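Note that the coordinates shown come from a computational prediction; the quantities given were computed from them, not determined experimentally.
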Amino acid sequence: MAKQLATINIVTDDGQDITGDLNNQEYKGCAVTLTDGREGENFTSARGQVRVRGNNTAEFPKKSFRLKFDTKINLLGLNDGAECKSWVLLACYKDVTFLRDAVAFELGRQTLAENGYYCSDFAYAEVSINGKYNGLYMVAEQQQVNKNRIDINEPEEGYTGTDIGYLVEYDGNAPRTEKKENYFRLTYNDYPLTCEDGTQFVPGQMMRFGFAYYTIKSDFYSVEQSNFIMNYTENVFKIIYDALYNDKFTTFNDDFTQIVDSEYTNSRQTIEAVMNVDSLVDTVIMSEVLCDNDIDFSSFFFTFDMSALGDKKLTFQAPWDFDSGLGMMRGLEELDKIFSANVCTNAMKALNPWTAIMFKADWFKQELAKRWAQLAERGVFDRLITLIDKVTETYEPYFARNYELWDNLGKIVDEVQGDTVTTFVTHADASAYLRNWLSHRIEFLTDYFESVASQSPPTEEA
């Protein structure tokens, strides 16, 4: 039996549709009403603004939206009822299952969130614009610094000191989507990496113009702050690289502006002093399950909290944007190899340096294997399969209604998609492919991590 879904009706002040693309994402005033939600979820004519959101997805006929309410509000009970101004309505136009981001968020909430890091919650709703049905959407949270979301220091407006929290996105789209003062670029040509399969890879060779771009996604108010986080990001990678590849164990000086010699005697001590390793363990586990090459280019987030209460360590959290993952991308329909630290067969042929670098450390691979076994024992991976089955059965009429309007089932709408998507006639077809792909991937990773765990433990101790 289909579950009753809530409807979010957005009435624009000018009575016109919400239009835009990658280069035109202007807010317009609106009033939002939510009906048919559970007890306590409904509201009427909440004032706010709305705009089209996304990069490549903003070019699709069915748009995703960002809602920014005038006052804090909760949508659909997400995140334990936390009230915030900004929310996201994901169109799921490319991923006709509406499940890839759902699987990612569920896995993130079972891993990262369990350890105190942030991952968006999610729910489904139908969306109407000016009373006209616009399709089924996934409701998610905005990636932002907020005590109820990414809980790092948020500076007061106008504060120019560098002792604040920073949210950073590894973001290859920055030159075409961000103001110049909001992003910086680094090169990794001097940091050749050894892939998990033993091959060599120089990250700069595959980056646009030879650079990696980073966008500062949190509020900042001075050039000193933007320069600080650029230098910190570059130096923390160098500390990690030198520890793993050159047996050189360094650290930061007292104000975190320079690299200095340390008293550490091994790579684990060195890296744990500048990184919350458990956050990267969970991030790599997610990357291995989801296999979405977008993180080799963009939509990959990390934080530093340099405030008095912050731990001043590199922290990976806020996973986002997985509609190209889980067997969707051409060349990744079947993958029986490690994803995070191998150049896989697809159009991008790239690597995220932050996930790839740690495979040089046997102790890190042992941590991955240990974490995988813990999650498997708790039934986390089984719950991902159950989620696919439950959503497929529960919302079938809503999928059908969405396809009737947008006619995107069985069609390639993005150049990264493999031809498999053309075989889908129903949502059940697309869902079954996803289910089978994920089941196979989990089986492969279980065998891989069991093999890692059976190897001699590393000699380095923290």
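- The closest side-chain heavy-atom distance from T97 to Y433 is not below 4.5 Å.
- The residues R441 and E288 are annotated as salt-bridged, a charged nitrogen and a carboxylate oxygen being separated by less than 4.0 angstrom.
- Judged by a 6.0 Å distance limit and a 45° cone about the ring axis, R149 is positioned over the six-membered ring of W87.
- Residues D296 and Y170 have side chains not in contact (no heavy-atom distance under 4.5 Å, counting atoms from C-beta outward).
- Ring geometry for W354 versus F302: interplanar angle of 30 to 60°, hence tilted.
- Within the model, atoms CG of N182 and OG1 of T177 stand 9.5 Å from one another, a figure rounded to the nearest 0.5 Å.
- Pairing each heavy atom of D121 with each of N79, the nearest pair is OD2-N, 2.8 Å.
- Across all non-hydrogen atoms, the minimal contact from L387 to L99 is O-CD2, 4.3 Å.
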From CA spacing to verdict: side chain to side chain donor-acceptor pair (under 3.5 Å), S340, S287: CA-CA 6 Å; S340 305; S287 178; 3.1 Å; yes
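- Atom SG of C291 sits about 7.5 Å away from atom CG of L326, to the nearest 0.5 Å.
- Side chains of S226 and E181: no donor on one and acceptor on the other come within 3.5 Å.
- Using a 4.5 Å heavy-atom cutoff, the side chains of F359 and V284 are in contact.
- Judged by distance alone, the side chains of N115 and D282 do bring a donor and an acceptor atom under 3.5 Å apart.
- Interatomic distance, L375 CG to D382 CG, rounded to the nearest 0.5 Å: 11.5 Å.
- The main-chain N or O of H427 is never found under 3.5 Å from a side-chain atom of S431 such that the two would form a donor-acceptor pair.
- With hydrogens and angles left out, the side-chain atoms of T12 and D14 include a donor and acceptor closer than 3.5 Å.
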Residue pair N402, E126: steps toward the side chain to side chain contact (heavy atoms under 4.5 Å, CB included) verdict: CA-CA 9 Å; N402 180 81; E126 292 192 302; over 6 Å; no
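- Counted by atom type alone, Y117 and D278 present one or more donor-acceptor pairs between their side chains at under 3.5 Å.
- Checked for salt-bridge contact, R371 and E114 meet the test: a charged N lies under 4.0 Å from a carboxylate O.
- The list of ring pair (Phe, Tyr, Trp, His ring centres under 6.0 Å) pairs with a residue in residues 29-54, not counting sequence neighbours, is empty.
- Between the side chain of S86 and the backbone N or O of K68 there is no donor-acceptor pair closer than 3.5 Å.
- Figure legend: K62 and Y137 shown as a cation-pi pair, the cationic atom lying under 6.0 angstrom from the six-membered ring centre and within 45 degrees of its axis.
- Ring to ring, Y124 and Y395 are close: their centroids are under 6.0 angstrom apart.
- With hydrogens and angles ignored, the 3.5 Å screen pairs a side-chain donor or acceptor of N74 with a backbone N or O of L78.
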With salt bridge (Lys or Arg N to Asp or Glu O under 4.0 Å) as the criterion, how do K370 and E367 come out once you've worked through the C-alpha distance, each side chain's angles and the decisive distance to 0.1 Å? CA-CA 5 Å; K370 185 188 305 181; E367 289 300 316; 3.4 Å; yes
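- Using a 4.5 Å cut-off on side-chain heavy atoms (C-beta onward), Y118 and D151 make no contact.
- Between I129 and N9, the shortest heavy-atom contact is N-OD1, 4.0 Å.
- A donor atom on one side chain and an acceptor atom on the other are not found under 3.5 Å apart for R66 and Q25.
- With F98 as reference, F399 is the one residue of Y403, F399, F122 to meet the ring pair (Phe, Tyr, Trp, His ring centres under 6.0 Å) rule.
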Going through the distances and angles, do R47 and D13 end up as a salt bridge (Lys or Arg N to Asp or Glu O under 4.0 Å)? CA-CA 10 Å; R47 290 295 308 169; D13 290 351; 2.9 Å; yes
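- Ring orientation note: the planes of Y183 and Y213 are nearly perpendicular, at an angle over 60° on the 30°/60° scale.
- No side-chain heavy atom of F444 sits less than 4.5 Å from a side-chain heavy atom of F449.
- At least one donor-acceptor pair under 3.5 Å links the side chain of W437 to the backbone N or O of E333.
- Formation of a donor-acceptor pair under 3.5 Å by the R330 side chain with backbone atoms of E415 is found in this model.
- For the pair D305 (side chain) and I152 (backbone), a donor-acceptor distance under 3.5 Å is absent.
- One finds the SG atom of C84 at 9.5 Å from the CG atom of L75 (value rounded to the nearest 0.5 Å).
- A donor-acceptor contact shorter than 3.5 Å links the side chain of S120 to the backbone of E141.
- When all heavy atoms of M328 and D95 are compared, the closest pair comes out as CE-CA, 3.7 Å.
- A 4.5 Å side-chain heavy-atom check between M138 and F105 finds at least one atom pair inside the cut-off.
- No side-chain heavy atom of N153 sits less than 4.5 Å from a side-chain heavy atom of D163.
- The six-membered or imidazole ring of F304 lies away from that of Y166, with a centre-to-centre distance of 6.0 Å or more.
- The closest donor-acceptor contact from the side chain of R176 to the backbone of L22 lies at 3.5 Å or more, if one exists at all.
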Given V421 and V96, is the side chain to side chain contact (heavy atoms under 4.5 Å, CB included) satisfied, shown in steps? CA-CA 9 Å; V421 301; V96 296; over 6 Å; no
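- Rounded to the nearest 0.5 Å, atoms CD (Q317) and OG1 (T303) are 4.0 Å apart.
- In this structure, K337 contributes its side chain and L335 its backbone to no donor-acceptor pair below 3.5 Å.
- To the nearest 0.5 Å, atom CG of residue D292 and atom CG of residue L332 are 8.5 Å apart.
- For an aromatic pair to be called close, the ring centres must be under 6.0 Å apart, and F256 with F228 fails this.
- Between N276 and D311, the side chains place a donor N or O and an acceptor N or O closer than 3.5 Å (distance only, hydrogens not considered).
- A donor-acceptor contact closer than 3.5 angstrom is absent between the side chains of T57 and K94.
- In this structure, F237 and Y188 have perpendicular ring planes: the angle between them is above 60°, well past the 30° mark.
- Considering only heavy atoms from C-beta on, L107 stays 4.5 Å or farther from F322 through its side chain.
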Please test F252 against V236 for side chain to side chain contact (heavy atoms under 4.5 Å, CB included), starting from the C-alpha separation and ending with a verdict. CA-CA 8 Å; F252 283 109; V236 76; 4.1 Å; yes
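- Remark: the backbone N or O of Y221 is paired with a side-chain donor or acceptor of Q225 at under 3.5 angstrom.
- The nearest pair of heavy atoms linking D70 to G48 is OD1-CA, 3.6 Å.
- When all heavy atoms of F65 and V50 are compared, the pair lying nearest together is CB-CG2, 4.0 Å.
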